[in-house]
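No hydrogens, no waters, no symmetry mates; every other heavy atom, side chains included, goes into these values. Keep in mind the model is a prediction, meaning the values are calculated, not measured. By convention in this document, chain letters (A, B, ...) are assigned in the order of the sequence lines, proteins followed by strands, and residues within each chain are numbered from 1.
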Amino acid sequence: MSRVKSDSTVLPSALDRVVRRVSGLSTLPDVAIRVIEVANNDAAGAQDLKVAMEGDVALCARVLRLVNSSAYGLRQRVSNVQAAIAYLGFRQIRNVALTACVSDLFKEDRPIGKYRRSALWRHLVAVGICARMVAMRCRLDNFEDVFLAGLMHDIGIILEDQYTHAQFEQVLASLEGADSLAAIERRELGFAHTELGAAVAEHWRFPDIVTAGIRCHHGEHRDSAEYPKAVHCVEVANILCTLKGISSVGVNLLRPTLPPANVLDLTVADLEALFIDLDEELERHAALFTL
Amino acid sequence: MLHDLSHLFPAEEVPRDKTDGLGRISELLFELGPCLVLLAGQNGQVMGVDGTGLSLHQTDATEFAADLTTRLRTSGSCIYNYTTHAGQRLAFGLRLHFDTMGSLLGGFVSPAPGASERLESLMPALATAGRLAWSLIDQQRSLHRMEARMRQLRAEHETLRRAHETAMVAVIEEQQKRIAVERSHARRLQKEVEERSSSLQEAREDAEKKAKELLEYSAALEQANLAHEQLSQAADAANRAKSEFLANMSHEIRTPLTAVLGFADLLLGSLENQADLEAASIIKRNGGHLLEVINDILDLSKIEAGKMHVERTACSPCQIVDDVVSLMKVRAEGKGLSLNVRHDRAVSATVQSDPTRLRQILTNLVGNAIKFTEVGSVTVTTRLRTDAGPPTIGFDVSDTGIGMTLEQIGNLFQPFVQGDATMSRRFGGTGLGLMISRRLAGMLGGDISVTSEPGVGSTFSLTVDPGPLDSQPVPAHTTQVDPDGALLRERPAASKIMLPHRILLAEDGPDNQRLISFILRSAGAEVTVAENGQVALEKAIGTQPHRGGEHGGREPPFDLILMDMQMPVLDGYEATRQLRSAGYAGPIIALTAHAMAGDRRRCLEVGCDDYAAKPIQREQLVALVAKHVPAASSKIRAAADEKADHAKTDY
């Protein structure tokens with residue numbers, strides 16, 4: 001955390017301004033902040049999460065709708081948050097709640113070229129799901145945190161859209177034939193979406209693993225990341241989803257640069273299997289796309 | 001698309017298996033020269049490579065494959081002969097005719113002569129071998145993918161299981177922690193309960209100790225009460241003893257006084273010398289005073305001992321007032337005072353009260369009024385008082401005397417105290433009268449109050465409870481007591497009563513024998529004296545044969561018997577009882593010095609008709625006897641006359 005902060009001191013002030021604007025407005029509802037708070041507390045239990053969520057009836061309803069969707073394949077219908085937590089576990093319900101909260105940022109589609117907010121959201125959900133699959137393939141215990149990291153990895157792009165819309169249009173306009181999104185962002189905005197997303201996530205006190213995923217999913221700072229495996233999961237998932245045509249801004253700018261040593265110990269066959277099976281998994285979680 | 005993935009993983013070698021179909025193909029083509037064989041995907045990506053006598057860089061192979069694949073788009077198969085700077089080259093491409101399959105590509109660096117024709121003839125065989133090799137590789141790939149999927153599923157399963165296990169362990173640990181907390185809580189509660197019950201036990205023991213102390217205390221108290229009761233019983237006994245003593249003393253004093261007063265009377269009747277008469281009257285006056293004192297003390301002691309009883313009989317308040325006034329009239333006259341009586345109209349003709357005590361109180365009040373009044377009048381007013389509470393009969397005795405100060409009034413009802421200390425010297429008296437009167441008034445259901453003004457006069461107000469008031473009130477009238485005493489005149493003077501009767505006097509004291517005999521004989525009676533009860537019994541009913549006289553048993557030999565109650569041999573009580581049981585029906589009058597309340601009742605119980613207390617007053621005795629003797633028969637009177645001289649000599 002302290003390392004991230006020391007980084008932020010050298011960031012351009014343009015980033016600070018946007019971060020301040022983002023945090024000044026209630027971009028994320030209170031209930032989300034409460035849920036994050038509970039999630040960060042090691043001593044917190046299911047009861048605390050339930051209490052944190054109960055204040056927001058609409059949220060609870062959305063969570064229950066998700067929980068009862070085909071994605072989770074529950075035999076019995078769940079009618080309250082407590083039961084949902086009991087069935088699916090603390091972290092999964094936390095993720096569902098945060099997913100529901102974050103999805104609000106992607107409403108009111110304002111197309112810019114090939115860019116669609118709904119498409120970006122689809123990308124995020126797909127990367128989240130895929131990252132979780134990769135994490136499980138790699139036997140990572142914190143696979144639900146990896147999901148959240150995948151879900152949030154491009155949060156910076158939607159924030160750019162929401163809070164620096166005009167400049168964001170410029171960025172998208174300059175995208176054709178460009179080397180990387182980050183380079184154009186830095187030129188037009190003074191910062192990359194990875195930096196903005198990480199700073200805001202830090203402000204919202206998202207788990208460190210999520211912030212790391214946001215900051216490092218394009219290979220930058222990768223070597224110093226605290227959660228290398230989790231970050232790789234997000235990276236691989238991002239590549240797989242983009243290859244599938246589920247891209248963030250409608251243009252495939254990927255120049256995959258994985259490390260020489262395959263830290264995740266994945267074979268091409270593994271990736272092929274993931275690539276093929278991802279479709280089925282996304283189909284199961286269709287409810288998330290239309291939250 | 002999948003070829004992009006292989007870009008991601010350059011370290012991953014393209015699968016190369018010498019035993020697969022591609023190896024056979026390169027063996028087949030070996031006779032044509034050193035060759036390279038490639039299996040390429042639809043987009044030209046290298047699926048498999050084999051070569052004999054040739055080594056090809058991966059990049060070169062890829063470019064070669066891409067080049068040939070592009071050429072193959074237009075035809076199913078082709079053979080190229082071309083010359084490069086390095087020499088003759090021969091290449092071929094063959095579409096495998098399946099959408100999913102790619103192409104079989106090959107090249108010869110230095111082809112043998114006629115290789116081209118030979119290759120041409122081999123093309124169908126190459127197509128078959130190519131398809132075989134393709135499907136082998138495809139199956140191999142599928143196998144790999146299946147294995148990968150298995151790995152994925154296994155990994156997912158294991159990860160989930162671990163996560164679940166972790167969660168379950170956490171839940172179990174939490175529950176164990178909670179159980180431990182609850183257990184320690186229960187232990188604490190139990191400890192608390194034990195502590196509380198022990199403190200409760202202490203409290204109970206404390207309470208028991210206190211209860212024990214209380215019991216001891218109450219036992220001590222009971223003992224103290226007992227001691228107190230014993231003391232008070234002792235005090236009562238002492239008081240009773242005092243009363244007994246007083247009663248006995250009064251008997252001892254009154255008996256000789258009877259004689260003193262009686263003989264003073266006697267002397268006053270017979271003496272001629274003026275100086276002797278003076279002396280006798282002094283004796284009588286002082287004796288009377290002494291008697292008064294003794295009577296007062298006796299009354300007081302009776303009241304204090306609770307032995308004074310009042311009765312309730314029908315009596316006329318006006319009559320009682322009139323009686324008292326007529327008695328006191330002489331004394332008032334003597335001081336030149338007028339004594340007035342006023343009866344209120346509303347006063348009942350009869351009330352339920354004790355006439356003796358009422359008379360005693362009124363006598364005392366009127367006597368005091370006269371005593372302390374030098375000039376003017378004394379007025380007695382009788383009236384019905386209904387001003388406060390239940391109706392009472394009121395008697396107001398007003399005088400125009402010296403009056404009293406408030407301080408003197410406060411001392412009035414104290415024993416032995418008069419208005420002030422100088423009064424007893426000035427006016428005489430014991431100072432007991434008012435106190436006794438007030439106590440008696442209380443016993444009669446009333447009280448005595450007083451209003452007074454020094455130098456103007458005093459009014460003593462007596463109230464008594466009249467009992468049920470159902471009789472008619474008397475007409476109000478005021479009586480001015482005539483100095484000549486009209487009321488008094490109605491009653492014949494005792495001294496003028498004649499008693500022509502035969503009387504038996506049973507009396508042991510020689511002085512009283514002589515005094516009473518003298519009084520009765522002076523009134524004309526024939527008196528026989530008996531010195532004790534036994535003698536009296538014999539004389540009255542003649543039980544002794546040798547004493548049987550001329551009267552025999554036919555009629556009572558005496559008209560009346562005066563019976564002293566304290567006598568030797570046979571006392572008056574027993575003698576009277578025997579007389580009555582023997583059928584004696586004549587009047588018997590008891591004489592006794594015992595003035596206690598029970599005496600009179602006792603006398604009447606044994607059969608006496610009336611009661612006379614010693615000392616004997618001449619007029620009282622004569623009047624009493626006159627009241628009880630039966631109508632005098634001439635015969636007896638005649639006999640009495642005959643024997644008058646004899647009786648005198650007896651005396």
Requested in this report: Name all residues meeting the side-chain hydrogen bond (donor to acceptor under 3.5 Å, both in side chains) criterion together with A:Asn95; count only those two or more places apart in sequence or in a different chain, and write none if there are none.
Outcome: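 With sequence neighbours excluded, A:Asn95 shows a side-chain hydrogen bond (donor to acceptor under 3.5 Å, both in side chains) to A:Glu144, given in chain and number order.
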Report task. Return yes when atom CD of B:Glu195 has more than 12 non-hydrogen atoms of other residues, nucleotides or ligands closer than 6.0 Å, and no otherwise. Result ->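 More than 12 heavy atoms, drawn from other residues, nucleotides or ligands, come within 6.0 Å of this atom.
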Requested in this report: Heavy-atom distances under 4.5 Å only: say whether A:Leu274 touches chain B with side chain, backbone, both or neither.
Outcome: side chain
Query raised in the report: Which residues in residues 147-155 of chain B have any heavy atom lying under 4.5 Å from a heavy atom of chain A?
Result: B:Ala148, B:Arg149, B:Arg151, B:Gln152, B:Arg154, B:Ala155
Query raised in the report: Going by residue number, which parts of residues 156-180 of chain B are within reach of chain A, meaning a heavy-atom gap below 4.5 Å?
Result: B:Glu156, B:Glu158, B:Thr159, B:Leu160, B:Arg162, B:Ala163
Query raised in the report: Just checking heavy atoms, which of residues 80-93 of chain A are less than 4.5 Å from chain B?
Result: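 Within residues 80-93 of chain A, no residue comes under 4.5 Å of chain B, counting heavy atoms only.
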